[in-house]
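Report on the structure given below.
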Amino acid sequence: DQKEGGPWEIPAKYNDMENPYAGDKSLIRVGKALYTKHCKSCHGAEGLGDGTKAAALKTYPGDFTADEFKEQPLGELYYKSIIGRDEMPNFEKKMPDDEDQWAVIMYMLTLE
């Protein structure tokens, strides 16, 4: 009985945000480790929104393999993944390093 999340209000400062680490593909491995630690329990090993804690959520965690997810502007993806809202926690303190934050996003974009 999970509902889809409502529209996100993304602050304007994220509109033109780019990944400063986009060229460093070695970060995908780092991102996978951080995803496993911080994201997998809700979003699932393959990013399908079927993690062990997902069923307890009121809102469906989303499918990271979907084109709709992958086609989001990077700043929007960053805001949703790192800043969060409601059941999606903020990760600025758990992952304070900018490089780690982008590493997780880079990994999520590889999920198929």
Side-chain angles (χ1 to χ4, degrees):
D1 291 343
Q2 290 176 318
K3 63 180 181 175
E4 290 291 324
W8 286 72
E9 290 184 31
I10 310 294
K13 75 178 195 173
Y14 295 92
N15 288 347
D16 297 321
M17 189 176 229
E18 294 293 329
N19 177 356
Y21 307 99
D24 188 351
K25 300 300 180 202
S26 71
L27 287 178
I28 293 172
R29 189 175 61 245
V30 173
K32 181 177 183 177
L34 290 166
Y35 178 93
T36 299
K37 179 178 180 180
H38 297 292
C39 314
K40 180 181 169 183
S41 61
C42 291
H43 294 286
E46 305 297 323
L48 299 174
D50 60 352
T52 56
K53 293 182 180 179
L57 299 174
K58 294 176 188 168
T59 307
Y60 172 60
D63 180 351
F64 296 163
T65 67
D67 289 341
E68 181 180 299
F69 173 80
K70 294 180 183 236
E71 292 167 357
Q72 295 178 84
L74 283 175
E76 200 170 300
L77 189 54
Y78 177 91
Y79 185 84
K80 291 175 180 180
S81 302
I82 306 304
I83 308 303
R85 70 163 191 199
D86 302 330
E87 291 180 292
M88 176 61 199
N90 179 291
F91 282 97
E92 292 173 295
K93 289 187 177 146
K94 289 182 181 180
M95 282 189 291
D97 186 71
D98 189 55
E99 187 176 72
D100 287 346
Q101 294 170 358
W102 282 106
V104 169
I105 293 167
M106 290 169 70
Y107 173 71
M108 289 171 18
L109 289 169
T110 69
L111 296 170
E112 299 181 337

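Index from 1, following the sequence. All of these numbers come straight from a predicted model, not from anything done at the bench.
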If you look at every heavy atom in [X] and [Y], which pair is closest and at what distance?
X      : Y      : answer
Phe91  : Ser81  : CD1-O, 3.6 Å
Glu4   : Thr59  : C-CG2, 4.0 Å
Met106 : Thr110 : O-CG2, 3.3 Å
Lys70  : Leu109 : NZ-O, 2.9 Å
Tyr35  : Val104 : N-CG2, 4.2 Å
His43  : Pro61  : CE1-O, 3.1 Å

Atom [atom1] of [X] with >12 non-hydrogen neighbours under 6.0 angstrom:
X     : atom1 : value
Asp97 : CG    : yes
Arg29 : CZ    : no
Gln2  : CD    : yes

Self-check item: N/O donor-acceptor pair under 3.5 Å between Asn19 side chain and Tyr21 backbone
Solution: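 Here the side-chain-to-backbone pair exists.
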Can you tell me how far the [atom1] atom of [X] sits from the [atom2] atom of [Y], to the nearest 0.5 Å?
X     : Y     : atom1 : atom2 : result
His38 : Ile82 : NE2   : CD1   : 9.5 Å
Lys37 : Met95 : NZ    : CE    : 9.5 Å
Tyr79 : Gln72 : OH    : CD    : 13.5 Å
Asp50 : Tyr60 : CG    : OH    : 7.5 Å

Practice problem: Apply side-chain contact (heavy atoms from CB on, under 4.5 Å) to the pair Tyr78 and Ile105, showing each step before the final yes or no. | Solution: CA-CA 7 Å; Tyr78 177 91; Ile105 293 167; 3.7 Å; yes
Practice problem: Using the side-chain contact (heavy atoms from CB on, under 4.5 Å) rule, take Ile10 and Lys80 through it: C-alpha gap first, then chi angles, then the decisive distance, then the call. | Solution: CA-CA 8 Å; Ile10 310 294; Lys80 291 175 180 180; 4.3 Å; yes
Quiz item: Are any of the side-chain heavy atoms of Phe69 and Leu77 separated by less than 4.5 Å?
Solution: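 Phe69 reaches Leu77 side chain to side chain.
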Single-linkage hydrophobic cluster, 4.5 Å side-chain cutoff, [X] and [Y] together:
X     : Y      : answer
Leu57 : Met108 : no
Leu74 : Trp8   : yes
Leu48 : Leu111 : no

